[in-house]
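Worksheet: one structure, shown below.
Residue numbers start from 1 in every chain, and the chains themselves are labelled A, B, ... in the order their sequence lines are given, proteins ahead of strands.
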2 protein chains.
Amino acid sequence: MDSLDHAIIAELERDGRISNVELASRIGLTPGPCLRRVQRLEASGVIRGYRAVVDPEALGRSFEVILQVDLASQETSVVEGFEREVAALDEVVEFKRLFGTPDYFVRVAVADLASYESFLTRRIMSVRGVGKLSSHFAMKNLKG
Amino acid sequence: MDSLDHAIIAELERDGRISNVELASRIGLTPGPCLRRVQRLEASGVIRGYRAVVDPEALGRSFEVILQVDLASQETSVVEGFEREVAALDEVVEFKRLFGTPDYFVRVAVADLASYESFLTRRIMSVRGVGKLSSHFAMKNLKG
DNA sequence: GGTGAAAGCTAGCCGGC
DNA sequence: GCCGGCTAGCTTTCACC
C-alpha cells in the first residue's frame with residue numbers, strides 16, 4: 001500500500017468503470033503494472049467490489065428517514081430475531097447497532113410519506129421486541 | 001424503464017464492472033441492444049456513475065460514529081457556513097439536514113476513538129453556530 | 001432488437017533495472 | 001521484486017438491417 005495504490009483507490013472510488021489504460025495514465029504508470037496492482041488490491045480485499053450508483057428518484061426511494069429504535073428487551077433471542085428481520089427488509093438501506101442510546105440506527109429509503117407509514121406499521125412495529133421508535137425525516141441531502 | 005432496464009440496474013448495482021457481454025447474457029439480450037440501454041440509462045441520469053467499494057479498515061476509517069448536531073442559530077449565514085464547512089470534511093461520509101430535532105445528522109468515519117476526539121474538537125466544535133452535539137458510536141454494522 | 005466489422009482493451013509472457 | 005514492452009484474444013461500439 002504505497003502512494004500509487006492510494007492513487008489507484010482514489011481514482012476507482014471516483015469512477016469505478018474507468019479502463020485500465022486510462023487509470024494507468026492518470027496515476028503515471030503503464031497498463032501492465034497498473035493492472036497487476038488493481039488485481040492485488042482486489043484479491044487482498046482492499047477493493048471489495050464495484051457498484052453502479054443509481055438515482056434514488058428513478059427507483060422510488062427518494063424519501064429518506066432516519067429511524068432510531070430501542071428494544072423493549074435485550075434477551076439474545078429477541079435481539080437476534082430483530083436484527084435478522086430488519087436487515088432483510090428492502091427499504092432498510094443502512095442498519096447499525098450502537099453503544100448506549102438508541103440501541104439501533106436504521107436508515108430507510110421509500111417512495112413517500114404514505115409508504116413510510118405503511119413500512120413502519122407493517123414491517124417494523126410487527127417485529128418482536130420493538131420498544132421505542134423515533135423517526136427523523138431528511139429535508140436535504142448535503143453529502144453522501 | 002421496462003423490466004429489462006430494471007434487470008440491468010439490479011445487475012450493475014451488484015457488480016458495476018461486469019462486461020457488457022456478460023450483462024447482456026444475464027438479462028437475456030445480445031450485447032448491442034444491451035449497451036444502448038445502459039448508455040441511455042447513463043445519459044438520462046438514472047445511472048449516476050460507478051464506484052469501487054473499498055474496505056474501510058484499509059483506509060483507516062473503520063470507526064464509525066453517528067453525530068447529531070443542533071445549531072445555536074438558524075440565521076441564513078450561519079446555516080450556510082455550517083453546511084459548507086462540514087460537507088467539505090473528509091471524515092464526513094454522510095450529511096443530512098432533518099426536519100425537527102436534531103437539525104443535522106452526520107455520519108463520520110475515522111481510524112479510532114482518539115481520531116474522533118480530535119475531529120470533534122478541531123473540526124466540528126470550531127465551526128460557527130454549532131450548538132448541541134451528540135455522538136453515538138457504532139457497535140456493529142448490520143447492513144449497508 | 002439483432003448483426004458484423006473496426007477500434008480498443010485486457011492479460012499473459014518475457015526482458016531489464 | 002517491480003516496471004515496461006509486446007502480442008494474442010476478447011470486448012466494446014458503431015453503422016446498418
Legend entry - Single hit among B:Ile66, B:Leu67, B:Ile124 for side-chain contact (heavy atoms from CB on, under 4.5 Å) with B:Val106: B:Leu67
Legend entry - Which residue lies more 5' along DNA chain D, comparing A:Gly32 with A:Arg40 via nearest heavy atoms: A:Arg40
Legend entry - Shortest side-chain distance from B:Thr30, nucleotide among D:dT13, C:dT3, D:dG4: C:dT3
Inset, instruction - Please state how far atom CZ in A:Arg17 lies from atom C1' in C:dC9, giving the value in whole angstrom units. - result: 13 Å
Legend entry - B:Ile18 CD1 to D:dT12 C1', straight-line distance once rounded to whole Å: 14 Å
Legend entry - d(CG, A:Leu4; P, D:dC2) in whole Å: 12 Å
Inset, instruction - Decide, yes or no, whether a salt bridge links A:Glu83 with B:Lys140 under the criterion of side-chain N to carboxylate O below 4.0 Å. - result: yes
Inset, instruction - Calculate the interatomic distance between A:Glu22 atom CD and C:dG8 atom C1'; express it in whole Å. - result: 13 Å
Inset, instruction - Could you tell me whether a side-chain N or O of A:His136 sits under 3.5 Å from a main-chain N or O of A:Val65, the two making a donor and an acceptor? - result: no
Inset, instruction - Tell me whether the OP1 or OP2 atom of D:dC3 has a side-chain N or O from A:Arg37 closer than 4.0 Å. - result: yes
Inset, instruction - State whether B:Glu11 and B:Arg26 are salt-bridged, where the test is any N-O pair (Lys NZ or Arg NE/NH1/NH2 against Asp/Glu carboxylate O) under 4.0 Å. - result: yes
Inset, instruction - Round to the nearest Å and state the distance from A:Leu23 atom CG to D:dC3 atom P. - result: 13 Å
Legend entry - Whole-Å distance separating the CG atom of B:Leu35 from the P atom of D:dC10: 20 Å
Legend entry - D:dC14 phosphate, OP1 or OP2, under 4.0 Å from B:Gln39 side-chain N/O: yes
Legend entry - base_contact_polar (C:dG2 base, B:Arg36 side chain, donor-acceptor, <3.5 Å): yes
Inset, instruction - Look at the side chain of B:Asn20 and decide which nucleotide, out of C:dG1, D:dT12, C:dA11, has an atom nearest to it. - result: D:dT12
Legend entry - Pairwise 5' ranking along DNA chain C for A:Val21 and B:Asp2, keeping only the more 5' one: B:Asp2
